[in-house]
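Positions are given from 1, in the same order as the sequence printed here.
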Amino acid sequence: MPDQPPALTVEDIAEAVGVSARALQEGFRRHLEKTPTSFLREVRLDRVHAELAARNPYTATVTDVAYRWGFAHLGRFSSVYRQRFGESPSETLQH
């Protein structure tokens with residue numbers, strides 16, 4: 001498995017923007033109706049989707065792209081990806 005940068009935590013984000021973790025959680029729930037963690041997962045899924053759609057299927061792999069975006073458990077990643085986009089990551093890569 002390729003090296004991954006450390007995962008962002010709610011505390012990291014709260015510190016970076018100068019609020020408490022609780023205030024960050026409440027703000028996300030109030031304005032986006034989701035947690036910061038679920039928001040970040042959605043952003044990462046969108047980035048994976050865009051990268052897979054743009055990459056050459058002969059030179060890219062789903063595993064490399066998923067790991068690069070912080071998805072270490074490929075089975076869980078594939079399931080969540082299919083729920084969000086209606087196709088498997090490998091199907092996106094082949095288009």
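- Residues Arg68 and Val48 have side chains not in contact (no heavy-atom distance under 4.5 Å, counting atoms from C-beta outward).
- Among all heavy-atom pairs drawn from Ser78 and Pro89, the shortest one is OG-CG, 4.1 Å.
- Salt bridge status for Glu51 with Arg47: absent, with no side-chain N to carboxylate O gap under 4.0 Å.
- No more than 12 heavy atoms of other residues, nucleotides or ligands sit less than 6.0 Å from atom CD of Glu15.
- Rounding to the nearest 0.5 Å gives a distance of 4.0 Å between CZ of Arg84 and CG of Asp46.
- A side-chain donor-acceptor contact under 3.5 Å links Asp12 to the backbone of Thr9.
- Side-chain polar atoms of Ser90 and Ser88 form a donor-acceptor pair below 3.5 angstrom.
- Residues Ile13 and Leu40 meet the side-chain proximity criterion, which asks for heavy atoms closer than 4.5 Å.
- Distance OG1/Thr61 to OH/Tyr67: 9.5 Å, rounded to 0.5 Å.
- Across every non-hydrogen atom of Leu24 and Val17, the tightest pair is CD1-CG2, 4.5 Å.
- Within a 6.0 Å radius of CD in Gln94, more than 12 heavy atoms belonging to other residues, nucleotides or ligands are found.
- In this structure, Ser38 OG and Arg29 CZ are separated by 8.0 Å, a value rounded to the nearest 0.5 Å.
- Across all their heavy atoms, Ala53 and Thr92 have their closest contact at N-CG2, 3.8 Å.
- Counting heavy atoms from C-beta on, the side chains of Val62 and Tyr81 never come closer than 4.5 Å.
- Here the NE2 atom belonging to His31 is positioned 10.5 Å from the CD atom belonging to Glu26, to the nearest 0.5 angstrom.
- Using a 4.5 Å heavy-atom threshold, the side chains of Phe71 and Leu45 count as touching.
- Residue Phe39 holds its CZ atom at 7.0 Å from NZ of Lys34, rounded to the nearest 0.5 Å.
- Summarising the geometry, atom NE2 belonging to His49 is positioned 6.5 Å from atom CD belonging to Glu87; distances are rounded to the nearest 0.5 Å.
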